[in-house]
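Nothing here was measured: the structure is a model prediction, and the numbers come from that model. Every number for a ligand or one of its atoms is a count from 1 in the order of the listing.
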Amino acid sequence: MFRATIKNINAARAPSNCSKLQKFDLIVIGSGSGLDVVNAIYQHGLKVAVIEKDRMGGTCLNRGCIPSKLLIHSADVAEIINRSHLFGLKVNGFSVDFPALLERVNRIVDSESNELRKALEGRENPKLFVKKCKFVGEKTISMVDDENHNETIIGDKILIASGTRPRIPEINGLKETSYITSDEALRLRTQPKVLTIIGGGYIASEFAHFFGALGTKINIIQRGSVLIPEEDEEISKKFTEIFSKKYNVYLDYKIESVSNDNDGDNANKVIVKAKNSSGKLVELGSDQLLVAAGRVPNSDILDLERTGVKINKRGFIIVDRYLETNVKGIFAFGDVIGRYLFKHNANHEAQYAYYNLLHPKSMIHVNYFAMPHAIFSSPQVAGVGFKEQELVKEQQKNNNPKNILEYQKFVYPYIKTGMGQAIDDRDGFVKFLVRKTDRKILGCHILGSQASTLIHEVLVAMKANTKNGKAGTIDNITRTIHIHPALSEVVARAAASNI
Ligand SMILES: Cc1cc2nc3c(=O)[nH]c(=O)nc-3n(C[C@H](O)[C@H](O)[C@H](O)COP(=O)(O)OP(=O)(O)OC[C@H]3O[C@@H](n4cnc5c(N)ncnc54)[C@H](O)[C@@H]3O)c2cc1C
């Protein structure tokens with residue numbers, strides 16, 4: 001529906017005006033995907049304000065997807081060097097120039113964020129406020145900047161796109177310890193020799209790959225019995241098995257305490273004590289401790305009770321299928337509503353928020369069908385749709401045999417394809433879950449090289465033919481000629497594996 005362009009914004013620069021209580025047609029809180037809506041909506045002649053307390057561009061640009069993937073590319077290159085002997089090459093190791101590696105990342109990220117800010121600064125519409133804000137009335141927002149200057153504005157409509165921040169679990173001693181979160185891990189000045197990671201989700205797995213491939217010794221402490229537990233069970237199990245060979249993975253461990261060890265040789269080391277369900281205690285010393293234990297919504301800092309906007313038990317803002325909260329005219333989207341915490345989802349929802357804000361009488365509901373995700377670790381993981389454990393659960397709770405969702409599973413390993421052999425991917429596989437009655441793709445899960453790219457043809461197949469009643473069947477893939485021996489042959493072979 002739209003794309004944010006700096007060019008469009010520059011075209012509408014206007015002199016500034018400093019009245020104290022300004023009124024806007026729309027106030028957007030957050031400059032992540034919120035900025036997409038700002039840039040699209042002011043072009044309809046509406047007076048728009050955007051409030052951002054931090055760097056422009058939100059989590060993805062400054063503390064998330066972009067810096068992490070720039071860093072991970074260095075890790076991927078390191079891994080290729082480490083595996084080069086498999087391909088008949090003798091490479092005598094490598095050394096890491098950590099400051100140079102980080103400088104590259106920060107330069108790219110900071111310059112993009114600065115561009116976004118420059119494009120808005122000094123403009124009257126959209127008007128940028130670099131301040132921390134909270135509600136003081138139903139549609140009245142008070143803001144304060146670093147120098148404690150206060151300002152209050154009123155919006156006819158409000159869009160909350162305030163995202164999330166790292167969750168810090170209640171752990172004995174943690175608050176007094178020099179731990180880092182993903183925010184700081186992306187800007188470290190020195191490479192840790194040993195890194196302990198609390199958590200076993202996708203952020204933990206991506207950082208383990210980044211630091212681990214560069215030579216840092218990694219300890220991972222995970223409460224559950226597998227890493228990346230949100231994935232299809234077969235994927236989580238295989239991933240856990242691969243990670244356990246590379247890193248010290250402690251599964252089913254609960255942290256007892258965290259402390260700084262300031263003694264002699266161990267100066268500045270962090271000590272983590274953890275116990276498993278059978279009472280076995282481990283004590284891990286490391287020079288950095290990364291807390292990657294999930295995300296919490298930035299709803300608590302907004303004083304939402306002043307507006308009456310409702311949140312759920314976990315603090316995520318409750319919206320209807322049009323992204324409107326229980327208060328008419330206040331919308332919310334992206335991470336802060338907690339449906340899918342991915343940038344592509346925030347961008348997707350931004351398009352609906354934009355449309356629905358402009359067309360209150362003919363709003364359209366968000367279509368989340370075939371929402372994919374990926375983990376950029378090693379191995380990569382990507383998935384869409386149902387996981388097998390969800391289908392099994394569905395079957396178990398359904399007593400009526402007529403309603404049972406019968407599915408078939410098609411699996412194919414990378415190593416049985418030409419390109420899989422060329423790159424020596426011995427672990428990778430593609431798994432399809434397909435409805436027996438009509439061959440509709442229910443889910444697809446990939447573990448292995450380029451999984452984040454390979455999943456895309458499955459997404460297109462799932463969305464294809466939606467008009468002729470044969471929506472999203474696996475035959476969309478089997479009928480397509482695939483280039484031999486491109487890696488995508490593994491997807492085609494998996495799709496055709498039961499024909
Ligand atoms: C390490 C990491 C890696 C990630 N990698 C990926 C990936 O590879 N792919 C992917 O799809 N997703 C990834 N994500 C998730 C992705 O970054 C988020 O889903 C996305 O940024 C959410 O966008 P948003 O607009 O909802 O919120 P955000 O981008 O978080 O924007 C919210 C903005 O609101 C501002 N704000 C909050 N409260 C206030 C206030 N009171 N006053 C003023 N401003 C306020 C914040 O400063 C922030 O800039 C990653 C996240 C992390 C942490």
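Backbone and side-chain nitrogen or oxygen atoms of Ile301 are examined, and none is located within less than 3.5 angstrom of a nitrogen or oxygen of ligand 1. Between Lys132 and ligand 1, no pair of N/O atoms sits closer than 3.5 Å. Ligand 1 has no nitrogen or oxygen under 3.5 angstrom from a nitrogen or oxygen of Asn298. Between Thr59 and ligand 1, a contact under 3.5 Å exists for at least one N or O pair. Looking at Ser31 next to ligand 1, no N or O pair under 3.5 Å apart turns up. Distances between N or O atoms of Cys60 and those of ligand 1 include at least one value under 3.5 Å. For ligand 1, the polar-atom distance check finds an N/O of Lys69 within less than 3.5 Å of one of the ligand's N/O atoms.
For atom 27 (O) of ligand 1, the nearest protein heavy atom (residue, atom name, distance) is Gly163 CA, 3.4 Å. Of all protein heavy atoms, the one closest to atom 2 (C) of ligand 1 is Gly64 CA, 3.4 Å. Residue, atom and distance of the protein heavy atom nearest to atom 49 (O) of ligand 1 are Glu52 OE1, 2.6 Å. Lys53 CG, 3.7 Å is the protein heavy atom nearest to atom 45 (C) of ligand 1. Nearest protein heavy-atom neighbour of atom 25 (O) of ligand 1: Ser33 N, 2.9 Å. Protein heavy atom in closest approach to atom 41 (N) of ligand 1: Cys133 O, 2.9 Å. Scanning all protein heavy atoms for the shortest distance to atom 37 (C) of ligand 1 gives Ser162 O, 3.2 Å. Scanning the protein heavy atoms around atom 51 (C) of ligand 1, the nearest turns out to be Tyr202 OH, 3.6 Å.
Counting the atoms of ligand 1 from 1 in the order shown, those under 4.0 Å from a heavy atom of Ser68 are 3 (C). Near Asp54, meaning under 4.0 Å from one of its heavy atoms, ligand 1 places the atoms 47 (O). Heavy-atom contacts of Leu302 reach the following atoms of ligand 1: 41 (N) (cutoff under 4.0 Å). The Ala161 neighbourhood of ligand 1 comprises atoms 31 (O), 32 (C), 33 (C), 34 (O), with distances under 4.0 Å to a heavy atom of that residue. Within ligand 1, the atoms closer than 4.0 Å to a non-hydrogen atom of Leu341 are 15 (C), 19 (O), numbered from 1 in the order shown. Short contacts between ligand 1 and His344, defined as distances under 4.0 Å to a heavy atom of the residue, involve ligand atoms 11 (O). Against a heavy-atom cut-off of under 4.0 Å, Gly334 is close to the following atoms of ligand 1: 26 (O). Of all the atoms in ligand 1, the ones that sit under 4.0 Å from a non-hydrogen atom of Arg295 are 53 (C).
With Ile29 as the fixed residue, the side chain to side chain contact (heavy atoms under 4.5 Å, CB included) test singles out one of Val50, Leu302, Leu159: Leu302.
Environment of CZ in Arg223: sparse, with no more than 12 heavy atoms of neighbouring residues, nucleotides or ligands closer than 6.0 Å.
In this structure, Tyr250 and Tyr253 have perpendicular ring planes: the angle between them is above 60°, well past the 30° mark. Below 30°, between 30° and 60°, or above 60°: for Tyr247 and Phe243 the angle between ring planes is above 60°, a perpendicular geometry.
A distance of 10.0 Å separates CG of Leu186 from CZ of Arg63, quoted to the nearest 0.5 Å. A distance of 11.5 Å separates CD1 of Ile160 from CG of Asn298, quoted to the nearest 0.5 Å. In this structure, CZ in Phe210 is found 8.5 Å from CG in Leu188, a value given to the nearest 0.5 Å. Put simply, NZ on Lys139 and NZ on Lys157 are 8.0 Å apart, with the number rounded to the nearest 0.5 Å.
Using modelled atom types and a 3.5 Å distance limit, the side chains of Ser236 and Glu231 yield no donor-acceptor pair. Thr196 and Asn219 share a side-chain donor-acceptor pair at under 3.5 Å. Checking Ser488 against Glu457 by side-chain atom types alone, no donor-acceptor pair falls below 3.5 Å.
Within the 4.0 Å heavy-atom criterion, neither part of Asn62 lies near ligand 1. Contact annotation: for Asp335 versus ligand 1, heavy atoms closer than 4.0 Å belong to both the backbone and the side chain. The residue Phe135 has no part lying near ligand 1, judged by heavy-atom distances below 4.0 Å.
Put simply, no part of Tyr340 is less than 4.0 Å from ligand 1, judged by heavy atoms. Note on ligand 1: Met56 sits outside its first shell, no heavy atom being nearer than 4.0 Å.
Judged by distance alone, with hydrogens and angles left aside, the side-chain atoms of Gln380 form a donor-acceptor pair with the main-chain N or O of Ala451 at under 3.5 Å. For Glu112 (side chain) and Val109 (main-chain N/O), no donor-acceptor pair under 3.5 Å exists by modelled atom type.
Remark: aromatic rings of Tyr340 and Tyr368 are close, center separation under 6.0 Å. Aromatic ring centroids of Tyr354 and His359 lie 6.0 Å or more apart.
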CA sep, side-chain torsions, deciding dist, call: Glu206, Ser377, side-chain hydrogen bond (donor to acceptor under 3.5 Å, both in side chains):
CA-CA 5 Å; Glu206 290 191 354; Ser377 188; over 6 Å; no
Would you please test Glu124 and Lys47 for salt bridge (Lys or Arg N to Asp or Glu O under 4.0 Å) and show each step?
CA-CA 9 Å; Glu124 204 47 34; Lys47 197 175 171 201; 5.1 Å; no
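Checking Lys343, Arg165, Lys131, Arg55 against atom 43 (C) of ligand 1, the nearest heavy atom belongs to Lys131.
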